[in-house]
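Here's the structure, in structure tokens; my notes come after.
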Amino acid sequence: MEDYLITFGCSFTYGEALAHELIKSKYPNKFNELISVPYSKISRKMFKIGEMFKEMDDYRKNNNYSFFLKKRLNVGLISNAENGGRNIQRLMDLDILINFLESGNVGRPKYLVFQFTHIGRDIEHMLIQWDPTKEFLYETYGNDFIKKVINASNGKNDAWVLDNLFDEATRIFLMQLEKRFKKLEKLFGTKCLFFFGLGSVKSISENYYYYKNNPFFMEIKKDDTVYYTWLDMVEKSNLLISQTTGISDDHPSSAAHMGISDLIYEKLITI
């Protein structure tokens, strides 16, 4: 029975924009075109191109932190991530996966890494009347908190002005995530951790003691410097795609993926 590493996250875990490195090295004409156009105008098209061209999709898969980590751990890989993904979606998917793993002899989840995306994305969908995850949102966050969000919004669908609620939302979500982690520990002996890929640096830093004392938390620390999110570290290390290729895209480069995989590996082997 094969052992697996399971990774959950948003576009940062997916490895969005990594194919731009391949374009820069192999397709100079296309690269010159990309750096001359505001990337916001063509990002969706390039995402689709990256999916359709096997060479580009393989480059993404072979240069994201999930791949680097699974090679180092010498296990199989199950990765669940998407562009613009929300924490609530990943939690739903985790429940589906746990149910599947419980049902038969399909492998052992030896490691699970959950990359938090910005909690504001969940809050944003609490303000949308129709949403396919609405029922699960209420189950996870509770009626009282979602009512608080709706009342604080004053009828506006703008989650990003509700930063005073980011920490409370994160704590509520974490309690739900920990239940899944503990279940996996009990069933399979899975080593689980979470880290902040994206998030409000202000909110996380103000409540850092709480997160740091969570047994499943991975601190992003390098050379005695603490970074409150992976994005925070990548930006300050000049390892964004925009910084390494010149193409205007704020996703981590392959070097950044390698760096975070090293930190995750060191954490996993000490759990």
Side-chain angles (χ1 to χ4, degrees), residues 7-18 20-21 39-40 43 60 63-66 68-69 79 81-88 90 113-124 159-171 173-174 177 192-268 270:
T7 60
F8 282 83
C10 62
S11 61
F12 275 41
T13 294
Y14 178 79
E16 171 60 2
L18 285 173
H20 298 338
E21 297 176 345
Y39 197 72
S40 59
S43 58
R60 171 189 64 81
N63 287 276
N64 62 33
Y65 77 78
S66 301
F68 293 143
L69 187 58
S79 190
E82 64 180 64
N83 282 357
R86 293 176 283 134
N87 296 312
I88 195 70
R90 300 289 76 80
V113 176
F114 193 101
Q115 175 247 305
F116 259 76
T117 193
H118 202 302
I119 202 70
R121 292 179 175 179
D122 281 8
I123 293 176
E124 190 172 41
W160 308 103
V161 300
L162 304 177
D163 56 318
N164 60 310
L165 297 177
F166 287 169
D167 178 63
E168 185 177 356
T170 302
R171 291 187 181 215
F173 185 88
L174 263 180
L177 183 62
C192 304
L193 67 79
F194 74 91
F195 71 98
F196 290 110
L198 294 163
S200 166
V201 169
K202 178 177 180 292
S203 174
I204 295 168
S205 63
E206 289 175 350
N207 298 276
Y208 198 64
Y209 182 80
Y210 172 82
Y211 301 125
K212 190 174 179 180
N213 280 279
N214 186 295
F216 300 108
F217 176 62
M218 186 192 82
E219 184 174 48
I220 302 174
K221 185 176 182 180
K222 187 175 181 181
D223 299 329
D224 296 323
T225 300
V226 172
Y227 301 94
Y228 296 111
T229 67
W230 183 25
L231 177 60
D232 183 36
M233 182 175 77
V234 175
E235 287 178 326
K236 291 174 180 174
S237 303
N238 296 315
L239 290 176
L240 292 171
I241 288 290
S242 60
Q243 294 165 328
T244 60
T245 69
I247 298 174
S248 180
D249 188 288
D250 290 335
H251 286 93
S253 65
S254 59
H257 279 268
M258 178 63 80
I260 198 70
S261 74
D262 289 342
L263 294 179
I264 297 170
Y265 175 80
E266 294 299 329
K267 177 67 175 180
L268 285 174
T270 62

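All residue numbers refer to positions in the sequence shown, counting from 1.
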Would you give the length of the straight line joining atom [atom1] of [X] to atom [atom2] of [Y], rounded to the nearest 0.5 angstrom?
X	Y	atom1	atom2	value
Phe166	Ile204	CZ	CD1	10.5 Å
Met233	Ile220	CE	CD1	6.0 Å
Ile119	Asp163	CD1	CG	13.5 Å
Phe196	Asp232	CZ	CG	12.5 Å
Phe12	Leu231	CZ	CG	4.5 Å
Lys267	Ile264	NZ	CD1	11.5 Å

Qualifying residues under salt bridge (Lys or Arg N to Asp or Glu O under 4.0 Å), relative to Asp249, sequence neighbours excluded =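 Asp249 satisfies salt bridge (Lys or Arg N to Asp or Glu O under 4.0 Å) with no other residue.
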Among residues at least two apart in sequence or on other chains, which ones pass side-chain hydrogen bond (donor to acceptor under 3.5 Å, both in side chains) with Arg86?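 With sequence neighbours excluded, Arg86 shows a side-chain hydrogen bond (donor to acceptor under 3.5 Å, both in side chains) to His125, Thr133, given in chain and number order.
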* Ser11: what forms a side-chain hydrogen bond (donor to acceptor under 3.5 Å, both in side chains) with it, not counting sequence neighbours? ->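 Checked Ser11 against side-chain hydrogen bond (donor to acceptor under 3.5 Å, both in side chains); matches are His251.
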Could you tell me which non-hydrogen atom of [X] sits nearest to which non-hydrogen atom of [Y], and how far apart they are?
X	Y	result
Thr13	Ser66	CG2-OG, 3.8 Å
Val161	Asn164	O-OD1, 4.3 Å
Asp250	Ser242	OD1-OG, 3.4 Å
Ile241	Pro252	CG1-O, 3.7 Å
Ser253	Leu18	C-CD2, 3.6 Å

Please check: side-chain N/O of [X] versus main-chain N/O of [Y], any donor-acceptor pairing under 3.5 Å?
X	Y	value
Asp122	Ile88	yes
Arg60	Tyr14	yes
Ser237	Val234	no
Thr245	Ile247	yes

Using a 4.5 Å cut-off on heavy atoms from C-beta on, say whether the side chain of [Y] contacts that of [X].
X	Y	value
Phe216	Leu174	no
Leu240	Glu235	yes
Thr117	Gln115	yes
Leu177	Asn87	no
Cys10	Leu198	yes

Stepwise, does the ring-ring contact (aromatic ring centres under 6.0 Å, His included) test hold for Phe195 with Phe217?
CA-CA 6 Å; Phe195 71 98; Phe217 176 62; 9.2 Å; no
| said: Let's go through Leu69 and Leu268 carefully: what are the C-alpha distance in whole Å and the side-chain angles of both, what is the deciding distance for side chain to side chain contact (heavy atoms under 4.5 Å, CB included) to 0.1 Å, and is it a yes or a no? | reply: CA-CA 10 Å; Leu69 187 58; Leu268 285 174; 4.2 Å; yes
Applied to residues 254-266, the side chain to side chain donor-acceptor pair (under 3.5 Å) test, sequence neighbours excluded, yields Glu21-Ser254, Arg72-Asp262
Contacts satisfying side chain to side chain donor-acceptor pair (under 3.5 Å) that involve residues 214-230 (not counting sequence neighbours) are Glu178-Asn214, Tyr208-Glu219
Note to self: Please determine whether side chain to side chain contact (heavy atoms under 4.5 Å, CB included) holds for the pair Val113 and Phe194, giving the CA-CA distance in whole Å, both sets of side-chain angles, and the decisive distance to 0.1 Å.
What the structure shows: CA-CA 6 Å; Val113 176; Phe194 74 91; over 6 Å; no
- request: Output all residues satisfying side-chain contact (heavy atoms from CB on, under 4.5 Å) with Asn207, sequence neighbours left out; order by chain, then residue number.
  value: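 side-chain contact (heavy atoms from CB on, under 4.5 Å) check on Asn207 returns Asp167, Arg171, Ser203, Tyr211.
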request  = Measure the acute angle between the ring planes of Phe114 and Phe173, then classify it against the limits of 30° and 60° as parallel, tilted or perpendicular.
outcome  =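 Geometry flag for Phe173 against Phe114: tilted rings.
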